[in-house]
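Worksheet: one structure, shown below.
Residue numbering restarts at 1 for every chain, and letters A, B, ... go by the order of the sequence lines.
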Amino acid sequence: MIGTWIAAILTLCVFSFLYKDNPFYRFAEHLFVGASAGYLLAVQWESVLIPNVWTPLTKGHDLVVLIPLALGLMMLARIWEKGAGIARWSIAFYVGIYSGVAIPGYMQAQIFAQLADAAKPWPAGWAAVSSALVFIGFLTVLAYFFFSLPHRGVHGAGARVGIYFLMVAFGASFGYTVMARVSLLISRVQFLLRDWLHVLPG
Amino acid sequence: MRRGPLLVTFLSGVAVAALYFIPHHKAQALNSKLLEWTLVVYAFALILGSLSLWGSHMKKVQNRAEGWGFSLVTLSSLVVITVLGIWKGVGEGTPVGIIYDNINSPLASTMFSLLAFVIASAAFRAFRARSVEATLLLITAIVMMVGRVSIGPLISPHLPGITEWLLDVPNLAAKRAIALGVGLGAVSTALKIILGIEQSYLGRS
Amino acid sequence: MTWVRRLLAIDRRIIFLLVAAGVILPLLHPLNLPVTVTPRVKAAYEAIDALPAGSKVLISMDFEPDIMAELMPMSVAVIRHCFRKHLQVIAMTLYPAGTGLGERAILQAAKAEGAVKNKDYTWLGYKSGFQVVMIGIGENLRGIYPVDFYGTPLDNIPMMRGVNSYRQMAMVVNLSGSSATDYWIQFAQGRYHAPLVVGCTAVMATDYYPYLSSRQILGLIGGMKGAAEYEALIGTIGDARRGMDAQSLVHLIVVALVIVGNGALFLSKRAGDSGGAATGSMTR
Amino acid sequence: MLRSGFVTPALDTRWFDPARWNILIGVILFTSFLVINLLRARGRKELYVRPIAGSKALDEAIGRATEMGRSVLYVPGLSDMSEVGTFAAITILYRLAQRVAEMGCDIDVPCYDPVVMTVLDGAVREAYSKVGKPDAFRPGCVHYVSAQQMAYVAAVNGFMLRERPAANIYMGSFYAESLLLAETGAMTGAIQIAGTDKVTQLPFFVCACDYTLLGEELYAASAYLGREPVQLATIIAQDWAKALAAAAVVAALALAALGHTALMQWLGVA
């Protein structure tokens, strides 16, 4: 009950930004920043530091855990100017791991899987026209994103066509994005009208 | 000075990339372990970040800078929720869970829904058919907006089919080329990092 | 042509009011416009519908409250469909704040369809780290989730017997509003070949068409509209279908604004004044 | 009792997954493209990369901020170190911060990801040192805001309205926040330059910003800004890979039409 009122008031505080920047919005903004930072910190404590460091160390006497713990503490050294050099080791490890994951991951899901599909034989009949268009679109958009040649001649013409394909794709994303945002607004209004003001049936 | 960290990046990167090709269960267990460690590093980085947030708002309060009272709101909510969360947990039904449902969650979804208004106002003032490209974008967007919702088939029974075709053909073609380009960009960045060519993340070009 | 100039310089707050009215009025006075089902949602429905009774389906609800408007109705509809087909649902989330939502979705669906905990569904709850969890499930589910959300060891849950990786699951359904979907494609599908159905926000939907074409994902439910279609397919009325009238109306308003804005600019240009200048910094 | 039903699936003991040959070959090929071009770059000074409009505008924006005596706001995207866009954001900021330090104006970098914050802080400090002005660096100009998307947006929007930076630069991976940030920025009249590899967000940036780098142009810009042969070489290596990919698709289609499906199958991921 009180929760619904608080939520409703905060909702209105944020909506007031549409009129102009004002102390209500500013209050909501600052509350939000603090609350979310605190929440994320507590979540990391509960879902990472306790199960992945504390429990294995104290219950399982798993000394391997000291490695990530050391890396984490080295990261914290960044608090001091002089600690930058120490924190670099943790960053190096972190970045290395994610780079290593990225190489085969992207190679497979975004390169080979897409090439394999692009190389599928075309169906017969009218559907072949669509397949041909997908094929042309694929090549011309690639041409647009080809940086080491100036956009001239055949390549230039291809890139021109490519940009049209890009624009249609952007338009489609755009339309869908409008749809998503409107849905979120509908849900907020449903909350205000139903859960708070009770003018809509449950 | 930076040779050590570069070696760490190289070794960890090569190891994880190689593990992708090795289905042996021990290799996969090692893979999971390495990924788990990054979570711990992140958790500590978040502590560091929160200290940075604390510092910047604390400075405002100490200097009595314009709007310092608002900074107090940030500072106190940060402390209260961190302490409550560590003490009582963050799940459903805990104090922090309840705070999350009634403060964070409505604030986040309302911020998000502001977009619907902003889009409408931008639609009127900024989405201009200034060139062939922009016109193409706008026409596609309009067809999508009308064709994908209930009102579409009432205007023309062909509209949903047209939107599906737009998604399946030109959209697919462009998105595929983009996926390929982004994929290559990602692989090349990752390679540059592992090979030590890209060092900006260590604060050096 | 002063009226054109005045129109172009209209206060943005008037537009905001227009949008607000477009949302509120149809919610108060529904028009009940019909919902047409699009092929990709149908494909998702059929992929799940074709599974034999008793198959295990992993449903990961990777979203937080901010976008629950789109994904919550979808989750309820998909889970209800699974229960109707007597599929056993293993549900989880990759977002800490998704814990409450996921549980709410599954309880709501279970109540509506009379499904029973540990027999028809298991709620595993939250674990952090996208890649870690997805690879973990591929290798050893119990390593990631030794117990379910309520602390029951998986070995003591009847429906979880013999289930320890994607290999024992007939399908993975990812309902997400983030890049988690990319990782499900890369890992669950790419690395472990689990059949994958995706439900996502409308914004993300167009990005996944290449993966539909390549059959990396079998069906795609996009946004609140997708959820409304799914509700229509299983014959229920939820929040998604209730919101669809407002959705249509606001879309029409946005389209009208684009057309009027461009029309007015065109007219003012023809009249010889630089109509764009009056509209503020946005028209650069 | 219930335990008896559990069957441990056979543990995998293979040391190589033969289904992944194609990926391995792809990685090796691409690595060699990169190495070849790096060697070429070392041998010759001039490698051609087409100019990217938005990257020139960055200098102009810093110039304007300096003239007006106001700051530059740099938003490095809302993603972590696993995203390429973030690396582009780091490299671009490193170059930009050097210009900012030279011109003597102020920069503010609010961060979403704490690890990215640490990295950016190092990069900006280094940039100030590099142009010989380490003392001009203002500690705290790179700061963490929130790893919750909308909290971040709320704070940055508030900052734009109250501090009125003269230039807003958005580089990196952006999601739903793009239009909220860019519209608010436009309201303040700041000059705005954006670049993102998240194509869904591009229409919004295109509409609300003065210059926008489209998709991959973001990566190219980070290389182009430095005009270092090593960076340019990677763009060319990527172009080679694109050409090879296009050729492979054409060849696979042609061969399949003639009845040879081997190439098509080889491309398939198992």
Side-chain angles (χ1 to χ4, degrees), chain A residues 7 15 17-20 36 39-40 42-44 46-48 51-52 97-98 101-102 104-110 112-120 131 134 138 169-194 199-202, chain C residues 12-13 16-17 19-20 22-24 26-28 66-70 72-73 95-97 126-129 131 135 177 182-183 185-187 189-191 201-207 209-211 213-216 222-225 227 239-240 242-247 249-251 253-255:
Chain A
F15 277 142
F17 180 72
L18 290 171
Y19 185 71
K20 63 176 204 202
S36 70
Y39 176 75
L40 291 167
V43 164
Q44 292 299 321
E46 191 177 287
S47 68
V48 177
N52 292 358
I97 295 287
Y98 280 105
V101 173
Y106 279 99
M107 203 40 114
Q108 191 216 43
Q110 294 211 352
F112 273 89
Q114 289 310 317
L115 288 181
D117 189 48
K120 265 197 316 218
S131 294
V134 171
F138 173 67
F170 289 175
S173 298
F174 182 111
Y176 255 107
T177 306
V178 174
M179 195 155 127
R181 304 311 174 221
V182 173
S183 297
L184 296 174
L185 176 61
I186 291 170
S187 152
R188 267 347 268 159
V189 174
Q190 276 176 339
F191 164 77
L192 287 177
L193 295 182
R194 185 173 55 201
V199 293
L200 280 187
Chain C
R12 62 204 297 141
R13 284 167 278 206
F16 295 162
L17 278 179
V19 173
V23 173
I24 294 170
L27 283 177
L28 292 175
D66 47 6
I67 45 167
M68 64 182 274
E70 292 183 273
M72 190 71 177
Y95 280 94
Y126 161 73
K127 276 288 163 264
S128 77
Q131 293 102 317
I135 293 174
D182 298 322
Y183 294 109
I185 295 174
Q186 260 185 44
F187 295 104
Q189 202 286 322
R191 203 158 177 163
T201 61
V203 183
M204 295 161 61
T206 57
D207 291 348
Y209 270 71
Y211 304 104
S213 169
S214 60
R215 306 281 298 158
Q216 284 167 285
M224 201 188 231
K225 171 67 186 348
D239 273 353
R242 287 192 203 109
M244 276 304 109
D245 289 345
Q247 186 93 44
L249 190 57
V250 178
H251 282 206
I253 293 173
V254 172
V255 169

>> Taking the side chain as everything from C-beta on, heavy atoms only, tell me whether C/Gln247 gets closer than 4.5 Å to C/Lys225.
In response: no

>> Counting only non-hydrogen atoms closer than 4.5 Å, does C/Asp66 touch chain A with its backbone (N, CA, C, O), its side chain (CB onward), both, or neither?
In response: backbone

> Considering residues at least two apart in sequence or located in another chain, which fulfil the ring pair (Phe, Tyr, Trp, His ring centres under 6.0 Å) criterion with A/Phe17?
Replying inline: A/Tyr25

>> Please classify the contact between C/Ala246 and chain A as side chain, backbone, both or neither, with a heavy-atom cut-off of under 4.5 Å.
In response: both

> Is any side-chain heavy atom of A/Asp117 less than 4.5 Å from a side-chain heavy atom of C/Arg215?
Replying inline: no

> Any idea which of C/Ser213, C/Gly243, C/Pro26, C/Ala20 has the most non-hydrogen atom pairs under 4.5 angstrom with chain A?
Replying inline: C/Ser213

>> Is A/Arg188 close to chain C through its backbone or its side chain, or both, or neither, when contacts mean heavy atoms under 4.5 Å?
In response: neither

> If you take all heavy atoms of C/Gly22 and C/Leu249, which pair is closest and at what distance?
Replying inline: O-CD2, 3.6 Å

>> Within the structure provided, determine whether A/Arg194 and C/Arg242 are in side-chain contact (heavy-atom separation under 4.5 Å).
In response: yes

>> If the condition is ring pair (Phe, Tyr, Trp, His ring centres under 6.0 Å), which residues does A/Tyr98 pass it with, not counting sequence neighbours?
In response: A/Tyr94

> Of the listed residues (C/Pro210, C/Gly223, C/Gly222, C/Pro73), which shares the most heavy-atom pairs with chain A below a 4.5 Å separation?
Replying inline: C/Pro210

>> A side-chain contact here means heavy atoms from C-beta on lying under 4.5 Å apart; do C/Thr206 and A/Phe174 qualify?
In response: no

> For chain C, which of A/Thr177, A/Val189, A/Ile186 has the most heavy-atom pairs under 4.5 Å?
Replying inline: A/Ile186

> chain A: which of C/Phe187, C/Tyr183, C/Tyr126, C/Tyr209 shares the most heavy-atom pairs with it under 4.5 Å?
Replying inline: C/Tyr126

> chain C: which of A/Phe15, A/Tyr19, A/Tyr39 shares the most heavy-atom pairs with it under 4.5 Å?
Replying inline: A/Tyr19

>> With a 4.5 angstrom heavy-atom cut-off, is it the side chain or the backbone of A/Leu18 that approaches chain C, or both, or neither?
In response: both

> Contact part of A/Gln114 toward chain C, heavy-atom cut-off under 4.5 Å: side chain, backbone, both or neither?
Replying inline: side chain

> Which atom pair, heavy atoms only, marks the closest approach of C/Ala240 to C/Met224?
Replying inline: CB-O, 3.6 Å

> With chain A, which of C/Val254, C/Leu28, C/Ile185, C/Thr201 has the greatest number of heavy-atom pairs at distances under 4.5 Å?
Replying inline: C/Leu28

